[in-house]
Amino acid sequence: MSKLDFIVICVFAILMVIIGLVFTAQSSKSSKSFFEAGGSTPWWINGLSLFISYFSAATFVVWGSIAYKHGLVANTIQFTMCLSGIVTALWIAGRWKKTGATTAAEYLGKRYGKSAKQYFSYMVLLYSLVSTAAILYAVGKIVYVATPFSLETCIIAIGITIIVYTTGGGLWGVLVTDVVQFVILSAAVIIIIPLSLSEVGGMTQFLQKTPDRFFDPVNDEYTFGFMCSFFIYQVVYIAGNWSYVQRYTSVSSARNAKKVAWLFSGLYLVAPIIWMLPPMIYRVINPGLDGAGAEGAYMMLCQKVLPAGLIGLVLSGMIAATSSKANTTINTAAIIFAQDIYKGVFFKHTSDKKQILVARIFTILFGAATVFLAILVPAAGGIVEVVLSTAAIAGGSLFGPVIFSLFSRRQTESSLIVISIVSVVVSLFFKALAPSLLDIKLSRTVETILGVGLPLVLLAFFELYAAIKGIKVPYFITEAGESGLSPDIESAKQNIFGTRVIAWSAGFVGVGISLLGFLAENGSVAVVVGAGIVIISALILIRQKRAAAVAGTS
């Protein structure tokens, strides 16, 4: 990479930190500002945040590696996320808002009691620690491939940057940086596609030179059965992951919560086609990558086809995507600890300021722990193994029972905890001990089916047992989620301010991209993309100015 690429990366990293600092004072006003962003954030901001939080550098490393090796299979895997988003939009997102709870932990505590709240809170924190570490490793690997720095140095530098702006800005800081990161990532990928196609002689040549069965939607490793089980897992994950639940509960109504999920689903209908094309093209350019080498296919393509400056832009986009997923998870972990453990269990009468301080301290400590674990990922078998195995073992066991409880009058505190524990233990046994003790090694498909299916089967059996015994636990549903009332004055001010920061930041990004396009030899696409971002940003600012005038809050 050139000096210009490093400058671009540094500028965008500084922009993220500045955004976080901009919201530091505002998020410190009250716990509602820090933890809920006022409780009535615009649905489109939450929708973009949900999408980009779901989409990280792990997508480029994990799914990019699969796209390089197996082709269209990677798109099929990600299409299950679109379908899962539709299920969430139709039946689950609005139900979360109707609970009236800010977090999943609050919902569990109010409906089932202290034990359920504590068990799932501690387990989700542990799961978040491992999953965030995998995310940091993924982006560290990409930066490592493109720079002269060691993998450990890359992970540490990126981790520190994320920790700094997440600690200051609270949920608003996370939401706004997410949207700006969405802009950076989208622009970066759009720019690379025509340049990579040009490298192989156009779309026709690419299609002719791909390996046999490269466009099969499934294969022997990622079978139709795997896709079905992965779809169920994605429903559980999108609808039940506590980081994403926050996106449904921090809007003003159940209807807007559904819109968040619909936007996510629509983006995942289109995005994977664009995202996965570059590593598939690189398979034609360089078909010799094996094993862990395929994890770097995306960045290798960038280095081959992009001029100075634009490599830094693409790398910034990948860092941005990862930062989004990591900051979302870290922020949620801090909220769980400060709101549901520190205050909910130990210091019930603590002040708002103390609670926010505790959340910020925990953010730093939790972030440091994820950096440490990220450095250890290669010892666990690589990023693909960590991501898919963690999902299979923990995802269904932790999130499935909680989602199930939203629709059940029969599940109890004990049933949720016991079923979750049994499911985790069984999955761990077959993953870690069965290969050596019983000489049984589950395929990827069976591992995923077991991790997702077992808790659902156990929940269904208990549902039948509870019906026979006449066990009933009242729904925890309020009318607040249905009201759709306009946000209060303070929340409205926060919404306008947040949208303005998004527009100005995105406009700055657009100007930067256009400038890089002018400096590059083949940067005409970048110039057009950057100009388009600037125009959209200006339109948002004009609209917000009118909205502020009408609301009398400007």
Side-chain angles (χ1 to χ4, degrees), residues 30-41 43 46 49-50 88-89 91-125 128 170-171 174-175 236-261 328-329 331-345 348 350 352 355 359 398-409 411-413 416-417 420 473-485 487-488 491:
S30 67
S31 59
K32 185 174 182 179
S33 294
F34 189 88
F35 298 129
E36 302 178 54
S40 300
T41 52
W43 65 267
N46 282 32
S49 175
L50 176 61
T88 303
W91 293 294
I92 305 173
R95 205 165 185 88
W96 272 119
K97 182 61 184 177
K98 290 179 184 179
T99 66
T102 305
T103 64
E106 181 185 342
Y107 157 75
L108 285 169
K110 289 184 176 180
R111 186 175 182 192
Y112 292 105
K114 182 178 176 181
S115 296
K117 179 179 181 178
Q118 284 186 288
Y119 166 77
F120 282 100
S121 293
Y122 290 132
M123 291 296 290
V124 168
L125 284 177
S128 299
L171 182 56
V174 170
L175 291 173
V236 171
Y237 195 68
I238 294 168
N241 185 301
W242 291 16
S243 299
Y244 307 141
V245 168
Q246 203 179 16
R247 300 298 178 268
Y248 311 131
T249 60
S250 61
V251 293
S252 61
S253 67
R255 181 181 180 186
N256 284 338
K258 292 179 180 181
K259 288 181 180 179
V260 170
T328 294
T329 306
N331 176 258
T332 302
I335 291 172
I336 292 170
F337 182 81
Q339 201 170 50
D340 301 310
I341 296 176
Y342 178 82
K343 181 179 179 180
V345 177
K348 296 184 182 295
T350 190
D352 270 10
Q355 199 176 344
L398 295 182
F399 306 133
V402 181
I403 293 176
F404 199 98
S405 74
L406 291 172
F407 300 89
S408 172
R409 295 189 182 192
Q411 299 299 324
T412 66
E413 182 177 58
L416 295 183
I417 295 174
S420 175
V473 178
Y475 285 128
F476 184 66
I477 301 293
T478 70
E479 295 301 319
E482 291 282 14
S483 65
L485 296 175
D488 57 40
S491 295

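What you see below is based on every heavy atom in this structure, not just the backbone, and it leaves out hydrogens, waters and symmetry mates. Numbers here simply count residues along the sequence, with the first being 1.
- In terms of modelled atom types and a separation under 3.5 Å, the side chain of Ser405 and the main chain of Val402 share a donor-acceptor contact.
- Note that the CZ atom of Phe407 and the CZ atom of Phe404 stand 10.0 Å from one another [nearest 0.5 Å].
- The OG1 atom of Thr99 sits 7.0 Å away from atom CG of Leu406, with the distance rounded to the nearest 0.5 Å.
- A pairwise comparison of heavy atoms in Tyr248 and Leu50 identifies OH-CD2, 3.7 Å as the closest pair.
- Shown here for Lys97 and Ala257, the closest heavy-atom pair between the two residues is CB-CB, 4.1 Å.
- The ring-ring contact (aromatic ring centres under 6.0 Å, His included) test applied to Trp43 returns no partner, not counting sequence neighbours.
- Trp242 and Phe120 have their aromatic ring centers separated by at least 6.0 angstrom.
- In terms of heavy atoms, Ser250 sits closest to Asn46 at OG-ND2, 2.9 Å.
- Lys98 NZ to Tyr107 OH: the interatomic distance, rounded to the nearest 0.5 Å, is 13.5 Å.
- Although no hydrogens or angles enter the test, the distance criterion places no donor-acceptor pair under 3.5 Å between the side chain of Ser420 and the main chain of Ile417.
- In this view, Thr103 and Asp340 satisfy the side chain to side chain donor-acceptor pair (under 3.5 Å) rule, not counting sequence neighbours.
- Annotation: side chain to side chain donor-acceptor pair (under 3.5 Å) contacts of Ser128 (sequence neighbours excluded): none.
- Among all heavy-atom pairs drawn from Gln246 and Ser243, the shortest one is CB-O, 3.5 Å.
- The side-chain contact (heavy atoms from CB on, under 4.5 Å) check on Ala89 picks up Ala261, Trp262, with sequence neighbours excluded.
- Rounded to the nearest 0.5 Å, atoms OH (Tyr244) and CZ (Phe399) are 9.0 Å apart.
- For the residue pair Arg111 and Arg409, the shortest heavy atom distance occurs at NH2-CA, 4.0 Å.
- The backbone N or O of Ser49 sits nowhere less than 3.5 Å from a side-chain atom of Arg247 that would complete a donor-acceptor pair.
- To the nearest 0.5 angstrom, Lys259 atom NZ is 4.5 Å from Arg255 atom CZ.
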Assess the residue pair Leu108 and Leu416 against the criterion (side chain to side chain contact (heavy atoms under 4.5 Å, CB included)); give the C-alpha distance rounded to whole Å, side-chain angles, the decisive distance to 0.1 Å, and a yes or no.
CA-CA 10 Å; Leu108 285 169; Leu416 295 183; 4.3 Å; yes
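- Rounding to the nearest 0.5 angstrom, the gap separating the OG atom in Ser115 from the CD atom in Glu413 is 4.5 Å.
- Listed by chain and residue number, Thr88, Ile92, Ile403 satisfy the side-chain contact (heavy atoms from CB on, under 4.5 Å) test with Ala239 (two or more places apart in sequence, or in another chain).
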